[in-house]
Amino acid sequence: MSEETKSLHFLEQIIEEDLANGMPKENLRFRFPPEPNGYLHIGHTKAIGISFGLGQKYKAPVNLRFDDTNPAKEEQEYVDAIKRDITWLGYQWENECYSSDYFQQLYDWAVQLIKEGNAYVDSQTSEAMRIQKGTPTEVGTNSPFRNRTVEENLDLFTQMKNGEFEEGEHILRAKIDMESPNMLMRDPLMYRVLKKAHHRTGTDWCIYPMYDWTHGESDYLEQISHSLCSLEFKPHRELYNWFRDHVYEHSKSTLPLAPKQREFSRLNLSYTIMSKRKLLQLVEKGIVSGWDDPRMPTISGLRRRGYTPASIRNFIETVGVSKRENVIDVALLEFKIREDLNKIADRVMGVLDPVKVVIDNYPEGEEELLIAENNPEDEQAGSREIPFSRELYIEREDFREEANKKFFRLKLGKEVRLKSAYFITANSVEKDENGEITVIHCTYDPKTKSGSNTEESKRKVKGTLHWVSIQHAIKAEVRSYDRLFLDEAPDSHKDRDYMEFVNPDSLEVITAFVEPSLQSAKIGTQFQFQRLGYFNVDDDSTSEKLVFNKIVGLRDSWAKKINR
RNA sequence: UGUCCCAUGGUGUAAUUGGUAACACACCGGUUUUUGGUACCGACAUUCAAGGUUCGAGUCCUUGUGGGACAACCA
């Protein structure tokens, strides 16, 4: 078997180059560093897929590191959710790490920077510092506290650490260059006073390190070889290297590997948003029921909707890696779940919008069990029995009193097949006072029973309908979802707020009738409701009340045709 | 009027590193079908622009043009 040679994406090329230049393969180590301030979403899956994918490809360890340096936003709940989601996606981390585990080391290194004259305590207001920082097109100016003595800085920093100052009174800054064209190099903050309890270190600390100071040094401590992040961190790279190099000078004997940061473009999906802050707003404003609402692009939402880990991993792989801004068509994600579920989901029958069919020539009171194939794509899937009787439900849109030849379904005087059952012909209808059809009277042909192998059962008919036997059907709640936003890129408009684009009709709750085999369906199981789509048993489902989420519809070329 | 990044069909990603622009999705048409599903076949459609180097440029160079990032005691 010839292995198909897949082209390397640019990050793999960088790694190959480093390897070629003498980096031992054992030095390869990656990390995924979420901040535990929210739930993971499909966008994170790209970062997860890249770092864990590289780990698999090069048989290198991948650490899961919680970047927990802001106790104001972070919670244990999020730590737990993130671990659960990554595991569910099918990835395994080498070490579970926390930036907060490095607080002491970070502090010691900061003291060292102060001693070298590379960091100082600033005592201005944040407003004053903001003004001094300049703008992207104007250079900044030096702080009046920039030339404090080492002793003074050390003293102040110690007092900061000891809780002798209130929030906002003093901060520690790196002394770099207020005139740098890169604003991040204009004496960036390293520490601020924050008198808040941390979810792991409690009240041990009242100063907390900033992202730039923490992240690179955490990479360094864990000896991460390639620190991969999204494009917006590109300007941070210069600072990442500055901090790294100053620390490396003193620690290279024990920590010989100097990590490098490289950046890729993040994932955007059409018709949704990918910002934790904005997703949190959807939750807080009650627009969705929670982080795991099946309409949410979160991992937990997708899981509850019924997406499989494999479909998401395939999606990420197909999307690829580059440095271009991009918006992926959500249709690709939908294709990936259909592709996966087509192979593995059992077929069942359920009627979402029922109309009653009476088979006049079928004996009253009689019933029989018919054999139905579970999955035509999988011979191992076997078959099940479904009850048939004189009174059935079919889908209301599957019947018309009259229609042209393009309409393959049931109409007066025409014969169709009932899936796994018999051929029926519609003869007449009953209507209520509004003209709404209440009953369709049909006759069936007993010789056409599915699987009977009779000549009659092999007759060609254009239409095959799904159905349920009324007396045997189970009522179930079906939650049908539409996209959460009506705009293709809801948060990309400068003049309009993404909230304006929220789809008011993104959830439709339907009472459906499903075949009795579904009575024992377990939460989290996906089914194909034949001719309708894929459905997942929701977390809210009980044996008294089944609840299904519509994951995605089947491709529907008929609907496309009639909508034109 | 700064610095940096990016530019290939409708969308996303490739192109053996300078040698016939390909794959997937979407869209459209057809064949098969006890799901108007699946599968299969086909069609549509691409190198931002102008110069330059070269036998040869999506790829290298120059200049434009367009898009994006950067001014939180967030990450």
Side-chain angles (χ1 to χ4, degrees), chain A residues 5-7 9 13 33-35 37 67-70 72-74 99 122 125-126 129-131 133-140 167-173 180-184 186 189-194 207-208 210-212 214-215 229 231-238 263 265 267 270 276-277 318-336 338-339 342-343 347 349 372-373 376-377 406-409 416-421 423 448 450-451 457-458 460-466 528-533 553-562:
Chain A
T5 50
K6 269 192 65 188
S7 57
H9 61 66
Q13 287 177 17
E35 181 188 11
N37 67 341
D67 219 340
D68 55 350
T69 59
N70 184 1
K73 286 187 179 174
E74 295 149 8
S99 296
D122 201 335
T125 63
S126 61
M129 283 188 275
R130 191 182 60 76
I131 292 165
K133 201 156 194 177
T135 69
T137 54
E138 294 166 286
V139 297
E167 292 183 14
E169 285 188 66
H170 307 277
I171 52 99
L172 185 74
R173 302 176 80 169
S180 170
N182 183 349
M183 298 213 45
L184 286 155
R186 323 240 259 233
L189 266 69
M190 294 174 67
Y191 276 94
R192 78 284 211 189
V193 173
L194 229 43
I207 56 171
Y208 290 92
M210 301 292 288
Y211 165 82
D212 287 293
T214 309
H215 195 96
C229 59
L231 237 37
E232 67 268 28
F233 291 99
K234 179 68 210 285
H236 294 249
R237 188 149 116 193
E238 193 181 358
E263 312 82 13
S265 61
L267 170 78
S270 62
K276 268 195 241 180
R277 203 193 86 239
T318 303
V319 155
V321 182
S322 75
K323 295 167 83 164
R324 278 170 78 172
E325 301 287 336
N326 59 76
V327 182
I328 314 286
D329 193 340
V330 69
L332 181 62
L333 217 212
E334 294 175 345
F335 168 78
K336 287 296 176 183
R338 283 194 198 101
E339 182 187 44
N342 177 51
K343 289 177 298 195
R347 272 61 170 168
M349 292 199 284
E373 199 178 18
E377 305 289 319
K406 288 276 169 61
F407 186 77
F408 300 162
R409 286 109 107 132
V416 296
R417 184 197 300 273
L418 292 178
K419 178 79 183 172
S420 306
F423 289 14
T448 57
S450 287
S457 73
K458 291 176 191 165
K460 294 286 178 200
V461 283
K462 263 295 192 187
T464 300
L465 308 187
H466 61 278
Q528 186 196 91
F529 286 14
Q530 283 177 116
R531 303 209 303 131
L532 296 175
L554 258 25
R555 273 188 64 211
D556 192 347
S557 47
W558 167 244
K560 277 177 191 163
K561 198 168 278 185
I562 60 177

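Order of the sequence lines sets the chain letters (A, B, ...), proteins ahead of strands, with each chain counted from 1.
Here the separation of U11(B) from U46(B), taken at their C1' atoms, is 12 Å to the nearest Å. Taking the C1' atoms as reference points, U63(B) lies 31 Å from A22(B), given to the whole Å. Comparing A7(B) with G58(B), their C1' atoms sit 11 Å apart, to the nearest whole Å. Using C1' as the reference atom, A24(B) and G19(B) are 26 Å apart when rounded to the nearest Å. Taking atom C1' on both nucleotides, A57(B) is separated from U17(B) by 13 Å, rounded to a whole Å. Comparing the P positions of A26(B) and G66(B) gives an interatomic distance of 35 Å, to the nearest angstrom. Separation of the C1' atoms belonging to A45(B) and C25(B) is 14 Å when rounded to the nearest angstrom. If you take atom P in A15(B) and the same atom in G67(B), they sit 28 Å apart, rounded to whole Å.
Put simply, the side chain of R192(A) gets close to the backbone of Y208(A): a donor and an acceptor are under 3.5 Å apart. In this structure a side-chain-to-backbone donor-acceptor pair under 3.5 Å is present from R186(A) to T135(A). No donor-acceptor pair closer than 3.5 Å links the side chain of T464(A) to the backbone N or O of K419(A).
Annotation for K343(A): atom NZ counts as buried by contact number, over 12 foreign heavy atoms lying within 6.0 Å. In this structure, K458(A) places its NZ atom where more than 12 heavy-atom neighbours from other residues, nucleotides or ligands lie under 6.0 Å away.
Here the straight-line distance linking atom CG of L231(A) with atom OG of S322(A) works out to 8.5 Å at 0.5 Å rounding.
Looking only at atom types and distance, the side chain of T214(A) has no donor-acceptor partner in the side chain of D67(A) under 3.5 Å away.
Looking at heavy-atom distances under 4.0 Å, F335(A) makes contact with sugar-phosphate atoms alone, never a base. When heavy atoms are screened at a 4.0 angstrom cut-off, G451(A) is found touching base atoms of the nucleic acid. Heavy atoms of N70(A) sit under 4.0 angstrom from primed sugar atoms or phosphate atoms, though from no base atom. Using a 4.0 Å heavy-atom criterion, one finds that R277(A) contacts no nucleic acid atom at all. Within the 4.0 angstrom heavy-atom criterion, base atoms lie near R347(A). At the heavy-atom level, R417(A) lies under 4.0 Å from base atoms of the strands shown. Contacts of V461(A) with the nucleic acid, taken as non-hydrogen atoms under 4.0 Å apart, are absent. Residue I328(A) is classed as a sugar-phosphate contact, given heavy-atom separations below 4.0 Å to backbone atoms only. P376(A) comes within contact range of at least one nucleobase, with a heavy-atom separation under 4.0 Å. Among the atoms of the strands shown, only primed sugar atoms or phosphate atoms (P, OP1, OP2) are found under 4.0 Å from some heavy atom of S557(A). Contacts of L332(A) with the nucleic acid, taken as non-hydrogen atoms under 4.0 Å apart, involve only primed sugar atoms and P, OP1 or OP2.
U33(B) atom P lies 13 Å from atom NZ of K419(A), rounded to whole Å. For R130(A) and C73(B), the CZ to P distance is 9 Å, given to the nearest whole Å. Distance, M349(A) CE to G37(B) P: 18 Å, rounded to whole Å. What separates NE2 of H215(A) from P of C74(B) is a distance of 17 Å, to the nearest Å. Across the protein-nucleic acid pair, L184(A) atom CG and C74(B) atom C1' stand 13 Å apart, rounded to whole Å. Atom CD in E35(A) sits about 5 Å away from atom C1' in A75(B), given to the nearest Å. Nucleotide A71(B) holds its P atom 7 Å from the CE atom of M183(A), rounded to whole Å. Separating the NZ atom of K234(A) from the C1' atom of A69(B) is a distance of 10 Å, rounded to the nearest angstrom.
No donor-acceptor contact under 3.5 Å links the side chain of H236(A) to the base of A69(B). In this model, a side-chain donor or acceptor of Q528(A) finds a partner on the base of U35(B) within 3.5 Å. Donor-acceptor pairing under 3.5 Å, judged by distance alone, is present between the side chain of S450(A) and the base of U34(B).
Looking only at side-chain heavy atoms (C-beta outward), R347(A) and E373(A) stay at 4.5 Å or farther from each other. The side-chain heavy atoms of M183(A) and P235(A), taken from C-beta on, include no pair separated by under 4.5 Å. Using a 4.5 Å heavy-atom cutoff, the side chains of E35(A) and E74(A) are in contact. Side-chain atoms of L333(A) and I328(A), non-hydrogen and from C-beta on, never get closer than 4.5 Å to each other.
Base orientation for U32(B): anti, the chi torsion being more than 90° from 0.
Using a 30° and 60° split on the angle between ring planes, F233(A) and Y211(A) fall in the tilted class, from 30° to 60°.
In terms of position along RNA chain B, the nucleotide closest to E373(A) lies nearer the 5' end than the nucleotide closest to the other residue of the pair E373(A) and H170(A). The residue among F407(A) and A331(A) whose nearest nucleotide of RNA chain B is located toward the 5' end is A331(A).
Considering only side-chain N and O atoms, T214(A) lies nowhere under 4.0 angstrom from the phosphate OP1 or OP2 of A75(B). Put simply, R338(A) has no side-chain N or O that comes within less than 4.0 Å of OP1 or OP2 on U35(B). In this model, the phosphate group of C27(B) is approached by a side-chain N or O of K560(A) to a distance below 4.0 Å at OP1 or OP2. A sub-4.0 Å separation between OP1 or OP2 of A72(B) and a side-chain N or O of R192(A) is absent.
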Bracket notation of RNA chain B in which parentheses pair within the strand, [ ] cross earlier pairs, and | pairs with another strand (Watson-Crick or G-U, under 3.5 Å):
.((((((..((((.....[..))))..((((.......)))).....(((((..]....))))))))))).....
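A salt bridge between R237(A) and E263(A) is present, with a side-chain N of the basic residue lying under 4.0 Å from a carboxylate O of the acidic one.
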Show each protein N/O and nucleotides 13-17 of chain B N/O combination with a separation under 3.5 Å, one pair to a line.
| residue | atom | partner | partner atom | Å |
| --- | --- | --- | --- | --- |
| U13(B) | OP1 | S322(A) | OG | 2.5 |
| A14(B) | OP1 | V321(A) | O | 3.1 |
| A14(B) | O3' | S7(A) | OG | 3.2 |
| A14(B) | O2' | S7(A) | OG | 3.4 |
| U17(B) | O4 | Q13(A) | OE1 | 3.4 |
| U17(B) | O4 | Q13(A) | NE2 | 3.4 |

